[in-house]
Enquirer: 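Can you read through this structure? Questions will come right after.
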Amino acid sequence: MNPLADALGLYVHWPYCARICPYCDFNVYRPKGQEEALLDAILADMTDWRARTGARPLASIHFGGGTPSLMTGTQIERLITHAEALWGLDAGAEIGLEANPNNVEHYGDFIAAGINRLSVGVQSLDDAALKQLGRDHDGPLARRAIERAMAVCDRVSIDMIYARAGQTASSWEAELREILAFGAGHISPYQLTIEARTAFGRRAARGEQLDSPEDLAADLFELTHQICDAHGLAAYEISNHARTPTDQSRHNRLYWEGGDWIGVGPGAHGRIGAALEVGRQACEAKAQPKAYLDAVAQSGSGLVSLEALSASEERAERILMGMRLWDGLDLDVLQRKTGLSVDLDALTRLSGQGLVEQIGGRVRLLPAGRIFADRISGELVPDES
Ligand SMILES: C[S@@+](CC[C@H](N)C(=O)[O-])C[C@H]1O[C@@H](n2cnc3c(N)ncnc32)[C@H](O)[C@@H]1O
Ligand code: SF4
């Protein structure tokens, strides 16, 4: 029994940001005064989706971006109320929002609107590092945002970016220890990724070093896990650490366990299976806010594509997602949803090498395999060429 594998979530993408960070590869835009129109379009898109999913209560709603904390409490409340009216909410549904420190004055409004989990985009506590990352907040505001989030919300997560140029193990250790001392139940420390289509990507292509060298990044990854473990925030996924199982992100866990989710808002992706007649569908909304608005105005839906995945495509996705969890991929769910299994020769070989183990119907990475998570998951996907 794996409740999240059969659950339904809702992802709402709010694409606007006050400033575009030079490392960010998400679907983001500067606001152009179309916020109210976009809100109405997202509400209409949700109604259109309801016809596709049928009646299934939501296990989670996640407001991501972009910067959804640029929305007002009233706008967020309209979205939550509409979702609840269309689908209903599971008892204990997680309703999460990604909150930038600059919007700290509004955190209380978000809770009043129905948000019950805040994920604060701190990234660093160090002024120079925040400047280097092109953030529009400083260390004191980051600290105030964490304190405020924890004062108004029981479930708080903190996003950090490490393995930045010039960062040493001792400076990261001090920063991470200070973050952990706030006592939040969840932290997501991400290694800085240089994405080609960003300002950092273009600068790196010209030879600038913007992240840590590979060896140091691997050391920082190990250090992050040691320090978080020692503080009682063990990892449950490569970049996600929680104090208790209930502190884990239910919405993200739904992705990794292979549940269904609807994606609304520009560029949002979704996966819908069980309620449709054939296989799993991969869905994607129009990326540009204007194109999304036009599509919803014309057809009631913001979708640009709705594609049936073949059983083997679905299997590959489920293996790659499931193996990100430290407690591993649920083999029964994989079999039930796709009729297929992992590559059994690879499973035997990787088990023999001490990189994975099969336990309680799941296959999971052993500590020695965690640093090679991507390669190992890839090997578990049968080669069909
Ligand atoms: C899409 S962002 C939205 C959150 C919010 N707008 C913010 O910036 O705080 C979600 C998280 O992804 C992480 N992130 C985005 N781009 C990244 C990159 N290139 N490398 C590592 N982490 C990244 C950041 O930690 C960020 O908080
Ligand atoms: S990191 Fe956050 S604030 Fe910066 S551009 Fe990306 S989504 Fe916007």
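Positions are given from 1, in the same order as the sequence printed here.
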Enquirer: For the residue pair T246 and T244, confirm or rule out a side-chain donor-acceptor distance under 3.5 Å.
Expert: yes

Enquirer: State, yes or no, whether a side-chain contact exists between T72 and E77 at a heavy-atom distance under 4.5 Å.
Expert: no

Enquirer: Return yes if a side-chain donor-acceptor contact under 3.5 Å exists between S124 and E175, otherwise no.
Expert: yes

Enquirer: Give me the one residue out of H13, E98, E94 that meets side-chain hydrogen bond (donor to acceptor under 3.5 Å, both in side chains) with H62.
Expert: E98

Enquirer: Is it true that T348 and S351 share a donor-acceptor pair across their side chains at a distance under 3.5 Å?
Expert: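 There is no such pair (donor and acceptor under 3.5 Å, judged by atom type) between the side chains of S351 and T348.
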
Enquirer: Before you tell me yes or no, could you show the steps for D6 and R336 under salt bridge (Lys or Arg N to Asp or Glu O under 4.0 Å), namely the whole-Å CA-CA distance, both residues' side-chain angles and the distance that decides it to 0.1 Å?
Expert: CA-CA 11 Å; D6 294 309; R336 177 161 60 82; 3.2 Å; yes

Enquirer: Quick check on the hydrophobic clustering: are L89 and L4 connected, directly or via other members, by side-chain heavy-atom contacts under 4.5 Å?
Expert: no

Enquirer: Quick one: does any side-chain atom of D90 pair with a main-chain N or O of G92 as donor and acceptor, under 3.5 Å?
Expert: no

Enquirer: Are I42 and Y292 side-chain neighbours, meaning at least one heavy-atom pair lies under 4.5 Å?
Expert: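 Yes - at least one pair of side-chain heavy atoms lies under 4.5 Å apart.
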
Enquirer: Can any side-chain N or O of S310 pair as donor or acceptor with the backbone N or O of E313 at less than 3.5 Å?
Expert: yes

Enquirer: Are any of the side-chain heavy atoms of F221 and Q191 separated by less than 4.5 Å?
Expert: yes

Enquirer: Within this structure, what is the CD-CG distance for the pair Q358 and L347, rounded to the nearest 0.5 Å?
Expert: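 Rounded to the nearest 0.5 Å, the CD-CG separation comes to 5.0 Å.
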
Enquirer: Taking side chain to side chain contact (heavy atoms under 4.5 Å, CB included) as the definition, give me every residue that meets it alongside S305, ordered by chain and number, with sequence neighbours left out.
Expert: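 Residues passing side chain to side chain contact (heavy atoms under 4.5 Å, CB included) with S305: E284.
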
Enquirer: Return yes if some donor-acceptor pair links the side-chain N/O of T338 with the main-chain N/O of Q335 below 3.5 Å, else return no.
Expert: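 No, because the side chain of T338 does not come within donor-acceptor range (under 3.5 Å) of the backbone of Q335.
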
Enquirer: In Å, rounded to the nearest 0.5 Å, how long is the span from CZ of R164 to CH2 of W172?
Expert: 7.0 Å

Enquirer: Quick check against the 3.5 Å criterion: does R135 have a side-chain atom that pairs as donor or acceptor with the backbone of G121?
Expert: yes

Enquirer: Shortest non-hydrogen contact from D48 to S301?
Expert: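 For D48 and S301, the tightest heavy-atom pair comes out as OD2-CB, 3.2 Å.
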
Enquirer: Specify the closest pair of heavy atoms between P15 and P289, including all atoms of both residues, with the distance to one decimal.
Expert: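 Shortest heavy-atom separation between P15 and P289 comes out as CG-CG, 4.2 Å.
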
Enquirer: Using the rule salt bridge (Lys or Arg N to Asp or Glu O under 4.0 Å), only one of R250, R324, R362, R271 pairs with E257; which is it?
Expert: R362

Enquirer: So do the side chains of W261 and L10 get within less than 4.5 Å of each other, counting heavy atoms only?
Expert: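 They are not in contact (no side-chain heavy atoms under 4.5 Å apart), so the answer is no.
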
Enquirer: Does R52 count as lying over the ring of W49, i.e. NZ or CZ under 6.0 Å from the six-ring centre, within 45 degrees of the axis?
Expert: yes

Enquirer: Would you compute the distance between atom NE2 of H225 and atom CG of L220 and round it to the nearest 0.5 angstrom?
Expert: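 Atom-to-atom, H225:NE2 and L220:CG are 11.0 Å apart.
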
Enquirer: Under the criterion salt bridge (Lys or Arg N to Asp or Glu O under 4.0 Å), I'd like the reasoning laid out for E314 against K337: C-alpha separation, chi angles, the key distance, then a yes or no.
Expert: CA-CA 9 Å; E314 182 178 347; K337 301 268 185 185; over 6 Å; no

Enquirer: According to a hydrophobic-cluster definition based on side-chain heavy atoms being under 4.5 Å apart (Ile, Leu, Val, Met, Phe, Trp, Tyr only), do V333 and V342 belong together?
Expert: no

Enquirer: Return yes if some donor-acceptor pair links the side-chain N/O of R315 with the main-chain N/O of L334 below 3.5 Å, else return no.
Expert: no

Enquirer: Evaluate the ring planes of Y16 and W14, with Trp represented by its six-membered ring, and classify them as parallel (under 30°), tilted (30 to 60°) or perpendicular (over 60°).
Expert: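 Y16 vs W14 ring planes: perpendicular.
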
Enquirer: Minimum heavy-atom separation for D343 and D345, please, with both atom names.
Expert: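 Taking D343 first and D345 second, the nearest heavy atoms are OD1-N, 3.1 Å.
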
Enquirer: Hydrophobic cluster membership, with links at side-chain heavy-atom distances under 4.5 Å among I/L/V/M/F/W/Y: are I359 and L366 in one?
Expert: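 No, because I359 and L366 fall into different hydrophobic clusters, even though each may have its own neighbours under 4.5 Å.
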
Enquirer: How are the rings of H186 and Y236 set to each other: parallel, tilted or perpendicular (split at 30° and 60°)?
Expert: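 Because their plane-to-plane angle is over 60°, the rings of H186 and Y236 count as perpendicular.
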
Enquirer: Would you call P189 and Y162 a side-chain contact if the rule is heavy atoms closer than 4.5 Å?
Expert: yes

Enquirer: Do S188 and N240 meet the criterion of a side-chain donor-acceptor pair at a distance under 3.5 Å?
Expert: yes

Enquirer: Atom CD1 in I238, atom CE in M323: separation rounded to 0.5 Å?
Expert: 9.5 Å

Enquirer: For the pair N103 (side chain) and H106 (backbone), establish whether a donor and an acceptor sit closer than 3.5 Å, ignoring hydrogens and angles.
Expert: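 No.
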
Enquirer: For residues L39 and I262: do they belong to one hydrophobic cluster (side chain heavy atoms under 4.5 Å, members Ile, Leu, Val, Met, Phe, Trp, Tyr)?
Expert: yes

Enquirer: Measure the acute angle between the ring planes of Y255 and H251, then classify it against the limits of 30° and 60° as parallel, tilted or perpendicular.
Expert: perpendicular

Enquirer: Just wondering, do M46 and R50 contact through their side chains at under 4.5 Å, heavy atoms?
Expert: no

Enquirer: For D211 and Q209, does a side-chain donor sit closer than 3.5 Å to a side-chain acceptor?
Expert: yes

Enquirer: Is the backbone of G258 close enough, under 3.5 Å, to the side chain of R318 for a donor and an acceptor to pair up by distance?
Expert: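 A pair under 3.5 Å: yes.
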
Enquirer: Counting distance only, does the side-chain N/O of T47 pair as donor-acceptor with the main-chain N or O of L43 below 3.5 Å?
Expert: yes

Enquirer: Between D159 and Q123, do the side chains contain a donor N or O and an acceptor N or O under 3.5 Å apart?
Expert: no

Enquirer: Let's go through R56 and D260 carefully: what are the C-alpha distance in whole Å and the side-chain angles of both, what is the deciding distance for salt bridge (Lys or Arg N to Asp or Glu O under 4.0 Å) to 0.1 Å, and is it a yes or a no?
Expert: CA-CA 10 Å; R56 297 176 67 189; D260 287 347; 2.8 Å; yes

Enquirer: Main chain of A163, side chain of Q167: is a donor-acceptor contact present, judged purely on distance under 3.5 Å?
Expert: yes

Enquirer: Identify whether the distance between the nearest side-chain nitrogen and carboxylate oxygen of D330 and R364 falls below 4.0 Å.
Expert: no

Enquirer: Minimum heavy-atom separation for P31 to C17, with atom names?
Expert: CD-O, 3.4 Å

Enquirer: Quick one: do V12 and V28 end up in the same hydrophobic cluster if we chain Ile, Leu, Val, Met, Phe, Trp and Tyr together by side-chain heavy atoms under 4.5 Å apart?
Expert: no

Enquirer: Once you round to the nearest 0.5 Å, how far does CG of L118 lie from CD1 of I95?
Expert: 12.0 Å

Enquirer: Of all the heavy-atom pairs spanning G302 and A295, show the shortest one and how long it is.
Expert: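 That closest heavy-atom pairing would be CA-CB, 4.2 Å.
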
Enquirer: Do R197 and D25 meet the salt-bridge criterion of a basic N to acidic O distance under 4.0 Å?
Expert: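 Result for this pair is yes, salt bridge flagged.
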
Enquirer: Could you tell me whether the side chains of Y29 and N27 share a donor-acceptor contact shorter than 3.5 Å?
Expert: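 Yes, because at least one side-chain N or O of Y29 sits under 3.5 Å from a partner of the opposite role on N27.
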
Enquirer: Does any non-hydrogen side-chain atom of V104 lie less than 4.5 Å from one of N102?
Expert: no

Enquirer: Flag yes if more than 12 heavy atoms outside Y190 fall under 6.0 Å of its OH atom; otherwise flag no.
Expert: yes

Enquirer: Are L355 and R349 packed together at the side-chain level, in the sense that at least one heavy-atom pair is separated by less than 4.5 angstrom?
Expert: no

Enquirer: Answer yes if the side chains of E384 and S312 hold a donor-acceptor pair under 3.5 Å, and no otherwise.
Expert: yes

Enquirer: Given D45 and K286, is the salt bridge (Lys or Arg N to Asp or Glu O under 4.0 Å) satisfied, shown in steps?
Expert: CA-CA 12 Å; D45 200 9; K286 297 257 189 195; over 6 Å; no

Enquirer: If you count the non-hydrogen atoms of other residues, nucleotides and ligands that lie under 6.0 Å from CG in D154, is the total more than 12?
Expert: no

Enquirer: To the nearest 0.5 Å, tell me how far I76 CD1 sits from L97 CG.
Expert: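 Here the interatomic distance stands at 5.0 Å.
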
Enquirer: Quick one: does any side-chain atom of E357 pair with a main-chain N or O of L365 as donor and acceptor, under 3.5 Å?
Expert: no

Enquirer: Using every non-hydrogen atom in the two residues, find where R143 and L125 come nearest and quote the distance to one decimal.
Expert: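 Shortest heavy-atom contact: NH1-O, 3.5 Å.
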
Enquirer: Assess the side chains of E237 and Q248: does a donor N or O sit below 3.5 Å from an acceptor N or O?
Expert: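 Result is no, nothing qualifies.
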
